[in-house]
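Accompanying notes for the structure given below.
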Amino acid sequence: MRLSTIGYYFREAFSSLVRNSWLSLASVGTVTVSLLILGFSLLLVLNADRMAATLESSVEISAFLHSGVKQAQITSLEQEIKALPGVTEVRYVSKEQALTEMRQSFGQRKDILDGLDKDNPLPDAFRIKTQQAGQVPGVAAKIQTFSGVDEVRYGRGVVEKLLAVTHWIRVAGMAIMIALAAAAVFLISTTIRMSVFARRREISIMKFLGATNWFVRFPFLLEGMVLGLAGSLLAGLAVYFGYFSLARHVNETLPFIPLVTGMQYLLIMLGGLIALGLLIGALGSAISIRRFLNV
Amino acid sequence: MRLSTIGYYFREAFSSLVRNSWLSLASVGTVTVSLLILGFSLLLVLNADRMAATLESSVEISAFLHSGVKQAQITSLEQEIKALPGVTEVRYVSKEQALTEMRQSFGQRKDILDGLDKDNPLPDAFRIKTQQAGQVPGVAAKIQTFSGVDEVRYGRGVVEKLLAVTHWIRVAGMAIMIALAAAAVFLISTTIRMSVFARRREISIMKFLGATNWFVRFPFLLEGMVLGLAGSLLAGLAVYFGYFSLARHVNETLPFIPLVTGMQYLLIMLGGLIALGLLIGALGSAISIRRFLNV
Amino acid sequence: MIRFYGVSKVYQNGVTALNNINLHIRKGEFLFLVGPSGAGKSTLTKLIFREELPTRGQVIFSGKNVARMRHGEIPYLRRKIGMVFQDFRLLPQKKVWENVAFALEVTGVSRREIKRRVPEALKMVGLEDKAGMLPTQLSGGEQQRVGIARAMINNPSLLVADEPTGNLDPETSWELMNLFQEINQRGTTIIMATHAWDIVDKLKKRVVALNCGQIVRDEEGGGYRDEA
Amino acid sequence: MIRFYGVSKVYQNGVTALNNINLHIRKGEFLFLVGPSGAGKSTLTKLIFREELPTRGQVIFSGKNVARMRHGEIPYLRRKIGMVFQDFRLLPQKKVWENVAFALEVTGVSRREIKRRVPEALKMVGLEDKAGMLPTQLSGGEQQRVGIARAMINNPSLLVADEPTGNLDPETSWELMNLFQEINQRGTTIIMATHAWDIVDKLKKRVVALNCGQIVRDEEGGGYRDEA
Ligand SMILES: Nc1ncnc2c1ncn2[C@@H]1O[C@H](COP(=O)(O)OP(=O)(O)OP(=O)(O)O)[C@@H](O)[C@H]1O
Ligand SMILES: Nc1ncnc2c1ncn2[C@@H]1O[C@H](COP(=O)(O)OP(=O)(O)OP(=O)(O)O)[C@@H](O)[C@H]1O
Ligand SMILES: [Mg+2]
Ligand SMILES: [Mg+2]
């Protein structure tokens, strides 16, 4: 490729952007709006997933011990439980701690349990958390077999419900993402195809003057990339600042809801958006132009 | 308007749809995709709102009575509470019932409370529900003043949190709807404007041949309406059947989550979608054509 | 019928296409507009049917100032004028007969009348067998004749033809000129911008010669070139 | 240089535009293609640079079958041919000089060379002062001359001009014909489809007359009409 030709490609792409300013603006607008929708719903899905994970991680197993288990056995039991696959946290709760906790949960009426101090009927126990809620039943069954363990409990119905809900959230989130990404690709490529369509006669004239397919295609490709990049950058910036101001606002008014603000996720996502914009811009142009090149 | 002219309008609109089949398809596709996104997120928002309402309605006030309140006074208290504005449900729970409930909540370890039967320390109480969660604090304060009432309790922190969350859900839902409706209008009208743009020369020729503005505009308007209607009907059907099969699926796997399936909402929403499609189609064409008519 | 009073036209890019034109065209006249390429012939015709507005001066058509017309009046002005455009301006998506019919449709003529008059007009320009084709499927001369048929179908009181024979062979050109003379005899005023010197010389009509936007000759019964 | 062997062209709508054409055009020839409107002149030129494909028969350009060419070869074929189109085919968004420069840009000529040759070509057709304008800002004849400048700038070995003087006044036409004769003398083969009988008669070159898609006359040094 000659240098003068490369120069032509860039001059041509940029002057075409200016000449067709109306079409260019419309294309950038479509890219921006489509990717904005995609970006914000990606964040929504990401947060729903995070919320699901938080919910799942709050599921706890309680393992009550036989009365009179020795301190040594408790320590080794703790080791054994910790060694089980999937277990992330093991906390020992003595019968005294259990009573205190129970009292707290009674609030102002804690005097109800006053009589129990002398003869505490509560057992010593372990509270166990697993990596994923799905591992709870298995881990519970394992612990039940350990000697010294009297009874193992967890919110049986609740865990299954929770798992069903979080499964749905993940599947629906994935489906939404795929559908919206497809919609964005459709909308953007339709716009670009229309703007190429509006210039089909020009393309055929170029071909009649002896231009090779690449000579005609390349400026369109560059132009598409610039349009896609401009639109996706705009969308990216809007998502970034919009989301952070939203997150700050949520954080002030709903401090107990943990929004995803880790930069690693957000940057990957923004990078993906921009790459998508660039890709559809370039490919959309290149593909749209094809059927007008055959002259 | 002459009959022959009206005939011309319709023939012209339909033959233009066929002649510009590619542009027509692209426009219908854009209308469909935009309104699909809008429709499904409307349903999402509707359901989130319903869920918020369900959550809010689960907030309960407990009013504990002084020990030794007479049956007559209990009856009149119940009447008084029921008469408070906002109260929807009042349930009397005797101390015996309270103990039974507490026992049930202890599950297999209910023996803990065995000693309490002889000398039940729990008080008699009313459980009160309000129309809206926001009325809880006011109602609670009122009840506190009634004679015979010892203490009034409700999940203080929880209600405020819940209200904050549901408020956010409603505000965010409204914002999403407005933003997506604006995006749909933008995307659809851009597409229609492009397809008019591709025919600007034709429009100017018509004007030079002595066509009035309305004579040029009317077929475009009809065409836009047909495009908008086709796209929004497609979107409406997809939303309708998609949502019902989704709702059935959710109902099977997550029976505890109540999705909105009332036809009155859905039909209003679908009607709105179709009206929106028709409107943008017609107005989009009429407005886009304006700047090419001035010759 | 048409009067130009001190008309100048300066295009937006600063080109002066017409410079102080004074001209009176009477009803029923047949006028040739000649001059070299870029002299301003097309610009002059465009002022008549208000494709362009004069920068200075007035164009009066049947007593009305064309530039001052209300927007609603313009279509009715244009319907009185049959235009043959230098660049044809056919509607690319309509068939030949639909293109011709369009000039009737804008005026609200009935479908029946259209079905009767369109084939007649196409026959006059020798295109009766091309009625069902699209403009892109025609040769250059055929496209030009479609434009001529469209301009005449309305029986306009004024026919403005801009280079109507540029893509036609001599025989077809003469047939068309006979047609023009015929409708002129029936009362239609004709303004024809042309480079066809043989036609101008033979017909001996009024000749207005432009050069660089100015009228350099206005001669009744003149030839293409200045005889003096 | 170009040979037509039994070439027929039937368009998709069933119109037979060319019917069994046999023709041999030698290098360095100057050939007029004449015939009434719709005779098939433009179709014949379109077969040479592969805008259309023949339905039957073969078109051979410099020993290569144009219809059988690989896709990648077509641009290089077209660069050897300078085309003046009947409908001009200027790039509407490019300025006059960019339109002319485009024919050089496709071949990868350096920017410097372009800046040198484009004004020269525009001067040859008398448009040096219109270089910065858009095609829509030009008169019909000016647009036509831009197309001629674009066709010649590449020093093509074959110049195919379809009705290149249809919108030009006689003086400008003759200037262009002198230009054509000059580049013909420098070795460029020229095929010109035209209705300008005065030009054909005066120049006394080879004349190929078409009628209804068939060659009805092929005469060296002939006139526009059959003398016999
Ligand atoms: N839209 C426009 N914008 C700017 N300049 C224009 C425009 N149209 C025409 N011109 C210029 O005005 C001058 C007169 O143009 P016009 O089309 O009237 O010439 P003409 O006599 O019809 O020539 P031709 O015989 O070549 O058609 C030319 O110099 C042309 O470049
Ligand atoms: N793309 C097309 N599709 C169908 N028919 C066509 C097409 N192009 C030309 N024709 C027909 O083929 C015939 C020859 O057309 P062509 O353009 O070759 O004529 P021409 O000799 O150049 O005429 P003119 O002098 O009017 O330009 C005509 O009858 C025309 O209607
Ligand atoms: Mg002109
Ligand atoms: Mg031709």
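All values below come from the heavy atoms of this structure, side chains included, with hydrogens, waters and symmetry mates left out. Labels below follow one simple rule: chain letters A, B, ... track the order of the sequence lines, proteins then strands, and each chain is numbered from 1.
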Practice task
Tell me, for D:S37 versus chain C, whether the close heavy atoms (under 4.5 Å) come from the side chain, the backbone, both or neither.
Solution key: both

Fill in the blank from the handout: Scored by heavy-atom pairs under 4.5 Å with chain D, the best of C:A39, C:G132, C:G140 is C:G140

Exercise for the section: Check each atom of D:V15 against the heavy atoms of chain C and say whether the ones under 4.5 Å are side chain, backbone, both or neither. Expected result: side chain

Completion exercise
In this structure, NZ of C:K130 is separated from CG of D:N13 (nearest 0.5 Å) by 7.0 Å

Exercise for the section: Please examine the side chains of C:W197 and D:D169, heavy atoms only from C-beta on, and report whether any two atoms are closer than 4.5 Å. Expected result: no

Handout entry: chain D interface, residue from C:G38, C:P170, C:P36, C:G141 that has the most non-hydrogen pairs under 4.5 Å
Key = C:P170

Handout entry: When C:T43, C:D198, C:L168 are compared by non-hydrogen pairs under 4.5 Å with chain D, the top option
Key = C:L168

Practice task
Answer yes or no: is there a side-chain heavy-atom contact under 4.5 Å between C:S173 and D:H195?
Solution key: no

Practice task
Measure distances from C:D87 to the heavy atoms of chain D and classify the residue's part below 4.5 Å as side chain, backbone, both or neither.
Solution key: neither

Problem - Under 4.5 Å from any heavy atom of chain D - which part of C:K41 - result: neither

Completion exercise
Ranking C:Q137, C:Q144, C:Q143 by heavy-atom pairs under 4.5 Å to chain D gives rank one to C:Q137

Practice task
Count the heavy atoms belonging to other residues, nucleotides or ligands that lie under 6.0 Å from CD of C:E220, then report whether that count exceeds 12.
Solution key: yes

Exercise for the section: Sort D:E142 into side chain, backbone, both or neither according to what part of it lies under 4.5 angstrom from a heavy atom of chain C. Expected result: both

Problem - Nearest-0.5 Å distance, OH of residue D:Y11 to CE of residue C:M133 - result: 11.0 Å

Completion exercise
Under 4.5 Å to a heavy atom of chain C? For D:F88 that would be neither

